[in-house]
Structure formats: C-alpha cells, structure tokens
Amino acid sequence: MSASSGGRTGAGLLIALDDLHWADPASLELLDHLVRHPLRAPVVIVVARRDRQTAPSLAAALTRGVDTGAVLRLDLGPLTERACVEQLAPGLPPDRAARLYAASEGNPLYFLTLLQGQGQGQGRSGPALPPGGLGALLLDELTPLSAAQRRTAEAVAVLGDQATPPLLLALTEPASASASASGSERLDADLGVLARRDLIRPRPGSVWSLRHPVLRAAVYEDTGPGRRAALHRRAAAALAAAGAPATVRAHHVERALTDWEPEAAAVLLEAAEQSETTAPASCAHWLEVVLRVLPDTPGHAARRRDLMLKRARALSVCGELRASRDLLHEVIAGLPADDGSGVRAAAVTLCASMERHLGQYRASVALLRRALSRRPAPAPADAVALGLELGSSAPHALPFPAVRAEVLRTLELARALGNEPAAAGALAVSALGEAYEGNTAAARELADRAAACVDALTDRDLADQCEPLARLGWAEFYLERYEDAERHADRGLAIARRGGPLHLLPHLLMCKAIVHTHACRLPSALDLVDEAESIARGIGSDELLGLVLANKAQVLIAARPPGDVSALAAAEEAVAAAGARTSWWTSLVWCVMSYAALHGGDPVRARSAMLRAGGADLAGLQPSMRPLFLEALVTAAVTTGDLAGAQEWAALAGRDAERLGLPVQRAAALRCAGQVLAGSGRPAAAAERFARAAEEAGRAGAVLWEAQSLLIGASLTAEAGDPATASAMWRRGRRLAESGGSLLLTGLADLLLPPPPPPRVPGLTPREHEIATLVAEGLTTPAIAARLYLSPRTVDTHLSHIFRKTGVTTRSALAALTARHLP
C-alpha cells in the first residue's frame, strides 16, 4: 500500500490514499486492522474509492468503521458546471462548456478528456477522442483483464445499445464456432468480471453498456481498425439473422464497409427508405455513405443521379438548405441536354425552392423560367410543379400581377390532371399574392376556394407539400380572418412536426404568433417566436432569420414594458441579417425596425427606417398593410413637430384603408387621423377617432389594437373634459391589455391616465367600503377577517359602524346598496 500524498504536521500524521478500490489484499488487510484497532495517536487516513469497484471485504470493513465511529464517510457527488469550468477550463465559451459538462455528467476526468478531444467531433459510437491523452487513463482500467474479457468489452463498445447476450456471444465466439453452452458460460463469466470492476452496467432489456459514453469511446477507438470492422460485420450478420430492420443494421454495415458492396449498399438504401419520413437526417446520411462508395462510372451514372436527388430532398426536409441546394445544382449540371426523364424538373423545382428559402429569389426565378422554356416542354405534371414554385417567388422577386396568368394556368392544368393538392397549392399562392397586393375582394374569393380545397384533403395528401397551409394562413391573416389563419397554421404545424420540411415550421409558427399578437395573447406568441427563432438559426438562411427576428421584435414591443430595449435589439439583429437585399421580407424587417425605434424613443430613426422599407414614395410597403405601417410615420412626424408630413401620410392611410375595407387597417387610419388632430390641439375630435378605431379593431378581434386605441383615446377624452367616459375607456383598455399580457399597454395606461379611485358608498371610510364590498361578494365575517388579516371582532365592529352610517340593518340590504355603487 502506498500513499499518494502524505506528511507530518507537528505531532500528527495525515495519509491520503487514492483509488483504494485497486489496493492489493495485504494493504486491505492492514486497513481493516487499523479500522478495527484505531491507533492511540493523532493519525488521519483519508481514502478515496469507487463504490461500485470496491471489494466486498473492504466495503464491509469501512461499514463497520462507520458503525464504531472510526470511519467518517463522505459521498462525493458530481462537480457543478461552474466548478468544472472555473477550475478545469476557465474562459471556455458558455455553450461549449454546457455541452461538455452535460456529456461528462460532472466527472472531472471525463470533462477534461472531452475537452482534450473537443476538436475531434462526435462519432456515431460516442464522443470522438484523440489518440493517447487522458483517454489512456481510462483504458488503464482494462489492463488487468484477460484477452477474452477485453474482447467482450470491445464488443460491448461496438454494439452500444444493442449489447444483448446473444449478440455479444455472436461477436465474441470464434467465427468457426457455433453458439454453445460453454460459450454462454464463458460470456456470463466475462460479463460478471466486467460488471464487478464497474466497467459495464446492466440496462433495461437485458442490455449491457460501458459505464459512461466517454469510456465507450475510449474502448471503441482503442480497438484495432481491422477488428472493429470485423466486429461490425458480424454484428450486421447477427442482426440480419435475428430479423432486425435495416435501420438497425445500417450503422454496422456502414462501419464494416470499405469498398463497393452491392449487398451492403442494398441494406443502406433500405434503411434510407425506411427513415425518409421519420428521420430525414439519417436518410441523408445513409445515402451519402452509398454515394461515397458507388463507382463513378457511366454504368452507375443514372443511379448516382437518382440517389443525389433523393439525398437532396432528405437534406431539404431536415433543414440543410445550402447543402441541398448545392447538391441539386450538381445534379442539374450533370444532366444531359436532352434529358426527358422528369429528373430535371424535379431537381429544378426543389433547387428553386431552396434558393427561395435562402433568400436568393432572382436565382430561383431564373432557374424556373429556364426550365419552363425548354424544348421539348416539360410534361404537364412537371409544369404544374414548376409553375407553383414560380408563383411562390412572386411577392419576393417581382409583383404578383406579373405571374398571375401563369399561376392561373398552373391551377387549370392541375385541375385537368385531377391533382387536387397541386390545385390547392395554386389557389393558396394566388390568395396570398392577391392579399399581399391589397386586392381584397379577389383575395377573399381565392382564400375561400383554397380553404375549401385544403380542408377537403387529408393530411397524407398534404404531407409532401404542407406549404399551402402556411401560404393560406398568411393570406387569411392579411384578410384579418384570424381564426381561420390560426386553424390552418395549426394543421400545418401538426403535419410538419410529423416529418414535413423543417424550414416550413418557422413560417407556420410565425403565422400563429402574429395572430396571437394582434389578438393580445402575448405569452403564447413569445413561446411561438422563440421556437421559430431556434429553428431558423440552425437552417442558415439570413433572410428567414431576419424575418423571424422581426416577428419576435413585434411581439416584444407589445409584451415588454415601456423603456425595455429587447425589441429594439431583436429588430437591429433582424436588419443586420436581412442586409442590403430588397424583397418583401426585407421591407417587413425595416417596418418593424421603425416601430421598435419609435417605442425606443427615437422618432427620427423610426421615420428613416420606414422610408428605407418603402422608398420615398412608400410604394415598397406591403399594400395590404400600408395603413398600419403609415401609423409609425405619422407618430414620428407628430412627435417631431412635422404636422404637414403627418397630415399627408394620414391622408394616404385613409385612402388605402378605404380601398382595402379591412377593419384593422381602418382602425390604423383612424388613429393616424386622431394623432394629427391631437397634434393640432383638437383633443375632442381626436378622441372620437380613437374611439372609432377601438370599435373597428374590436370588430376584427384585434384586441391589442383595440386596447391601444382605448387607452390613447381615454387620455384625449379626459383632456377634452369628459372624465367619466375617459375612465370607462381606460378601465376597459387596461383590462384587455392586462389579460393579454401586454406590459407595454399596461405601462402606457398608468402613464397616460392614473387609475381613478373606485366609487364608494357615501359616508364610508376606505376600510369600511372594502368590508362592504366583500359582504356584497357573499363572504362571511371569518372569511373577511382572513382576507384582510383582521380579527373577526374587528370586522364586526366595522360592520356595526357601516349599518349605522347607511341605515340598513341586514347583510343582504348592505350587499344590494354596495352593488349599486360598484363600477
């Protein structure tokens, strides 16, 4: 027995022993003697051991010592994340530190081992570790093992969560031997040794696993490459014999694959097909493995092309838009000029969609125009797909009227082919295009037709193209049909979450979030935009991220109290992500930036941002939302004293709102007019406009705008000399804002008009009125006492005073009198 550290201090002796679980029998016997017969001297022995690897005799000796008081037991738990980072890796970025800590489970050796290998990536058998290094310390635990026991540990590392006794036996028995009773007994004995040394642990389902993923990675990587491949090959064969699906066998087939093997490729392709809808990232991976070994010869060219297209589709579904786009360009470039197989149309359609979602609208349109103009012309079904995608880019790259006729032809062709999902898609494209342009009547008619078509389709019909639900939801939002918009967004979310394209989720989440924002349901709106943001950040589209952050800023403006800067920060990041592009989404981002700057107290910046969004003539603003956007300009102008500019923009908002005929836009135009009147010193006329704006917004279910109109109108009404009406407007506006979670409006309410004191029964003190109100609510004397933290006797005394002052003699009469004076 040796001390890892020891020394004398004065007249005492301290002996520290680490890894006592590895001590030899003689040392354990000496320690047992010292525990049984403590020395009559100032001697302290500190030992550290792993409980699971401790021999029973040592555990018994220490337990006896605890009982007699000779031993003090201290159970060491995992280090905290802060301790791991500060002591072992100061300066590590927080996100990386959190990942390493979670993987290490607070074990400092595992943490340092992972830190040492953090540039190695993540293997499919656990975290990748560098050769040598701290991982070697873990492997030292395998030194006492026999060759057979070491092979068993390696088999457990290779099998992972499939390490059941039958599979372990298949991997550890000689290839020429068949499973036998002796082999099973040998395996049981080896597993017992490994378990007693706490190298492996049992899991549910008769599965064994190495003690920790870091240990598994160390054992796996220390296994020779040739032996690893052989073990994976035997695992794949054993799983196939047991009837395991291809998705279970594919990992082992991949690890055993060194060259083109048609049978192995068939397993990987079957696994890709089985995981296509449920695990698109795995599907893309298996296809990549096959493509890596597929001979690049003319005889395999068609198959390579088909696999590349299938992989690009899987990449698009799991959100790898750039990788999908690049692979599709490779497919298109490799097609012969006279290709008539339909692969070109499929590749171009998907590639154009990827370009669109990455914000490359002109590239998308160019691809589609070129494909549609080829001779011979695309097959009708291909022309439908290409036409739908072309219509989807219209609001971004060019005005919808420029492609209106083409989308109509696409609709007619889809109907002629009996392709109802495509027809629904064309109708949704048209409805969104017309709604964006502010052609309200046409948009309503198209939205009705699209909704009827979509609602008649099953989820299976829409599984491959749930984007029509997103387009329809947004069209209905612009038409202020909030319930319909949320219903279709919810259906789209349900389909997309079951395996639809990941990049569509943010659009559906934002549609629902903006509906909740206008309806003043802000806590749920925040949850929705947070989820959309987390997805958008992983997709790699700056344009999408900018749009998501702009929507988040909209929610934050209403949800946070006055003076909060989080909305402005989100809007600034949105503008940075959007860059110098010019598109529908970029315009929206700058519009939100204008509102964020306005609420941040910078009207000059707000004006500049809105003019950046719409141009000097404001033609770049979305026509169907322009009155609402103009409100920011009017507010900025009134705030800076530019009443002439405010009046001009308010007049434009009024004309647009009249043309659109949409309540929320009319409400915005009325508020614009009200602000001009207020700035001109006419509070009564201004108050009337805000009251009408509240009615319009309320009629549409836009509670946020209703509450805002009421609160500003209340302030103006009070200024005009009508305190009673002002108080009623204020109370309703604040109640709506508070119930919807709008800290902005509740804060605004308290700034604009302090809450009036509640009416009281004449002659009663505040405390007496409080008690009378609780009597009116039906509370008993003990309940009133408990509510007000008074004694029942005190409450009775107050009641006697109340009865004397009011002239009533019963609680029911008092309740009736009090109710007449309540608001």
Side-chain angles (χ1 to χ4, degrees), residues 349 352-353 356-357 364-365 368 372 380-496 500-501 504 507-508 511-512 515 584 622-624 660 662:
T349 301
S353 176
R356 170 166 61 90
H357 286 286
S364 174
V365 171
L368 295 163
L372 284 165
D382 295 335
V384 167
L386 292 165
L388 277 176
E389 185 55 42
L390 180 62
S392 300
S393 298
H396 306 282
L398 62 162
F400 180 74
V403 293
R404 181 184 285 132
E406 290 171 282
V407 176
L408 180 59
R409 284 197 297 272
T410 300
L411 172 61
E412 293 171 348
L413 183 56
R415 283 276 162 84
L417 294 173
N419 188 340
E420 286 303 307
L427 286 167
V429 165
S430 298
L432 180 57
E434 301 293 3
Y436 173 86
E437 295 293 340
N439 300 323
T440 308
R444 284 175 177 150
E445 188 265 336
L446 287 163
D448 288 340
R449 292 172 61 192
C453 192
V454 163
D455 293 345
L457 294 171
T458 66
D459 287 358
R460 183 185 293 274
D461 293 329
L462 295 167
D464 294 332
Q465 49 172 338
C466 58
E467 194 166 7
L469 288 163
R471 295 193 187 106
L472 178 57
W474 277 106
E476 289 167 331
F477 165 74
Y478 294 137
L479 292 170
E480 300 176 10
R481 297 175 171 183
Y482 298 142
E483 290 184 6
D484 290 337
E486 183 171 6
R487 176 170 62 86
H488 287 120
D490 277 336
R491 188 180 178 197
L493 285 168
I495 295 172
L504 291 184
H507 295 278
L508 293 158
C511 179
K512 186 173 180 178
V515 168
W584 168 21
Q622 181 176 334
S624 58
L660 292 168
L662 297 169

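Note that the numbering runs from 1 along the sequence shown for the chain. Note that the structure is predicted; figures quoted are calculated from it, not measured.
- Here the side chains of Arg356 and Glu389 are in contact, with some heavy-atom distance below 4.5 Å.
- Inter-residue side-chain proximity for Ser364 and Leu368 is flagged as met; some heavy-atom pair is nearer than 4.5 Å.
- In this structure, the side chain of Asn439 does not engage the main chain of Ala442 through any donor-acceptor pair within 3.5 Å.
- Taking a cutoff of 4.0 Å between a charged side-chain nitrogen and a carboxylate oxygen, Asp484 and Arg487 qualify as a salt bridge.
- Distance CG/Leu662 to CD/Glu480: 4.5 Å, rounded to 0.5 Å.
- At least one side-chain heavy atom of Pro501 sits less than 4.5 Å from a side-chain heavy atom of Leu504.
- Note that CG of Leu457 is 5.0 Å distant from CG of Leu462, once rounded to the nearest 0.5 Å.
- Contact record, Ala489 with Cys511: CB-SG, 4.2 Å, taken as the closest heavy-atom pair.
- Of all heavy-atom pairs between Ala428 and Leu472, the closest is CB-N, 4.2 Å.
- Taking CG from Leu413 and CG from Leu408, the interatomic distance works out to 11.5 Å, rounded to the nearest 0.5 Å.
- Judged purely by atom type and a 3.5 angstrom limit, Thr410 uses its side chain to pair as donor or acceptor with the backbone of Glu406.
- Between Glu420 and Arg415 there is a salt bridge, with a side-chain nitrogen of the basic residue lying less than 4.0 Å from a carboxylate oxygen of the acidic one.
- Separation of atoms SG (Cys466) and CG (Leu493) is listed at 9.0 Å; rounding is to 0.5 Å.
- The nearest pair of heavy atoms linking Asp455 to Arg491 is CA-NH1, 4.0 Å.
- When all heavy atoms are compared, the tightest approach of Pro468 to Gly425 is CG-CA, 3.7 Å.
- Ser624 contributes no side-chain N or O that, together with a main-chain N or O of Tyr478, makes up a donor-acceptor pair within less than 3.5 Å.
- Heavy atoms only, all atoms of each residue included: Ala423 and Leu411 are closest at O-CD1, 3.6 Å.
- Between His488 and the choices Glu476, Arg481, Lys512, Glu483, the side chain to side chain donor-acceptor pair (under 3.5 Å) rule is met once, by Glu476.
- A distance of 9.5 Å separates SG of Cys453 from CG of Asp461, quoted to the nearest 0.5 Å.
- The closest side-chain donor-acceptor pair between Arg471 and Ser392 falls under 3.5 angstrom.
- The OH atom of Tyr436 lies 5.5 Å from the CD atom of Gln622; values are rounded to the nearest 0.5 Å.
- Residues Trp474 and Leu432 share a closest heavy-atom pair of CB-CD1, 4.0 Å.
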TODO: Take Arg444 and Glu434 through the salt bridge (Lys or Arg N to Asp or Glu O under 4.0 Å) test and state the conclusion after the steps.
DONE: CA-CA 9 Å; Arg444 284 175 177 150; Glu434 301 293 3; over 6 Å; no
